[in-house]
Amino acid sequence: MKVTVDMTLCEDHGQCAIAAPEVFRINDDGHLEYEGEPSDELEEYVEEAADVCPVQAILLGA
Amino acid sequence: MTSDQRVVVVGASMAGLRAAEQLRSAGHAGPITVIGAEDHLPYNRPPLSKDVLAGADPATAIELAEKLAFRRRASTADVEFVLGDAVVSADLAGRTVTTESGSTFAWDGLVVATGLRPRRLSLPGPAAGRHVLRTVDDCFGLRSELATPRRVVVVGAGFIGCEAAATLTKLGHRVTVVEPAGRPMERVLGADLAGAIQRHHEARGIEFRLGTWIIGCTGEDRVDGVLLGTGEELPADVVIEAAGSVANTEWLDGNGLDLTDGVLTDNHLAVVGAERVVAVGDIARFPNPLFDDVPRRVEHWSIPTDTAKRAAATLVAQLRGEEPADTSFAPIPSFWSDQFDLRLQSYGSPALADEHSVEEGDLSGLPAGALIAYRRDGHLVGNVAVNLPPARQRELREQFSTLVPTA
């Protein structure tokens, strides 16, 4: 699956990194890094990460 | 369960959308109709007290609602949305709901997701110039009065009042916040952090009038000031009423439910006294065994997502004629708030605490970071982090995943 984060919206709340740590990570500078094409097996967690993003910056595709 | 069983979701905000998504995830294949009072598809509300109040973009409420609209999962592509038509009554025994326009919808399962509305103040004086802040239309009405620097009185120093006050102060408006009960956000944050935030905000230009309340508005055709219980008169071009919320339960009257404060549910979000009816979001008053067995409404942004998942599982089981899973539902409450250069992030329920302590940092220097722990009967029930690095979120949340359930 494809994951895109709108970095103009992202405010580094870090909730995605709690929901799907295999895909989203807050780096040592406090900013988001993410895997753009995670395995489909992680879909449930990635959906959850998109749900809990306070600024709704995470877009998912097939 | 047969695939023609229909679920009606009453309420088309975040809770209604999450309910529809989670019904699909839980295996409900039948038709879903989501009915909402607003004209807009579900959208994200937190920006309304922040960035959106600044500037003139987008130009219309419709465009703003589209910009803030939640993405919709593919699984909900066939969900029907009926918008701009509030449900006004329900017959839970006959399994129907009826809307303002007179349409009646039959259902096999019902989701209550009508949420809250701002509590309006009953005040003598003109109404023009008085605003609340909940919907995109509210936000537009307020924003249209803020094109030039204004004198603004915010009534209520809760989170919405404080966020709006900070945003408007940053935009160059002169803001006074009136609050009868303690310091800003004190009911949740406790006196020490609330006092520190008050000083932080005062240093940036917000004035507070604490321990008094608004008793009237002055002006002819529109507000030009407010009267306080102390006798003080404050000049005001704009008044923002941020004095709490009322649950939208009137449409459920006459069905024998406990609607004392929201809709009473069991721990699985099944509405007590009804069959095949669940409640989702900040209208649901449910017990959380992380803390105790007292049912409470929770107004945090995270609650629709948490409750939708469990409520959908409960309703799907009931539609199949099965008992819902008996594992307890114990979501970890969380909220955040951005005010000036401060970001507050909380896990647990600080409002339940009887004592609190500063674990890290210094309340006189909040921007550099602080962590406050909240305890009840000696047990940790909540924490609030101010400006701590986002990489610490997991650790702060996990302080509550190890609590021993009491029920």
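First the proteins, then the strands, lettered A, B, ... as listed; each starts at 1. The shown structure was predicted, so the numbers you read here are calculated from the model rather than taken from an experiment.
- With chain A as the partner, the residue from R73(B), M14(B), R397(B), K309(B) showing the most heavy-atom pairs under 4.5 Å is R73(B).
- When the candidates T305(B), L68(B), N44(B), D306(B) are compared by the number of heavy-atom contacts under 4.5 Å with chain A, N44(B) comes out ahead.
- At most 12 heavy atoms of other shown residues, nucleotides or ligands fall within 6.0 angstrom of atom CD1 in I62(B).
- With chain B as partner, the option from I58(A), V55(A), V52(A) having the largest number of non-hydrogen pairs under 4.5 angstrom is V52(A).
- Per-residue counts of heavy-atom pairs under 4.5 Å with chain B were compared for R25(A), H31(A), Q15(A); the largest is that of Q15(A).
- For E11(A), the parts lying under 4.5 angstrom from a heavy atom of chain B are both the backbone and the side chain.
- One finds the CG atom of L193(B) at 6.0 Å from the CG atom of L344(B) (value rounded to the nearest 0.5 Å).
- Salt-bridge check for R394(B) with E398(B): passed, with a basic side-chain N closer than 4.0 Å to an acidic carboxylate O.
- Looking only at heavy-atom pairs under 4.5 Å with chain B, the residue among Q56(A), E44(A), E48(A) that has the most is Q56(A).
- Only the side chain of Q22(B) has a heavy atom closer than 4.5 Å to any heavy atom of chain A.
- Y43(B) has its ring centre no less than 6.0 Å from the ring centre of F70(B).
- Heavy-atom distances place no part of R392(B) under 4.5 Å from chain A, backbone and side chain included.
- With hydrogens and angles left out, the side-chain atoms of E38(B) and T135(B) include no donor and acceptor closer than 3.5 Å.
- For the atom pair SG (C53(A)) and CG (D6(A)), the distance works out to 9.5 Å, reported to the nearest 0.5 Å.
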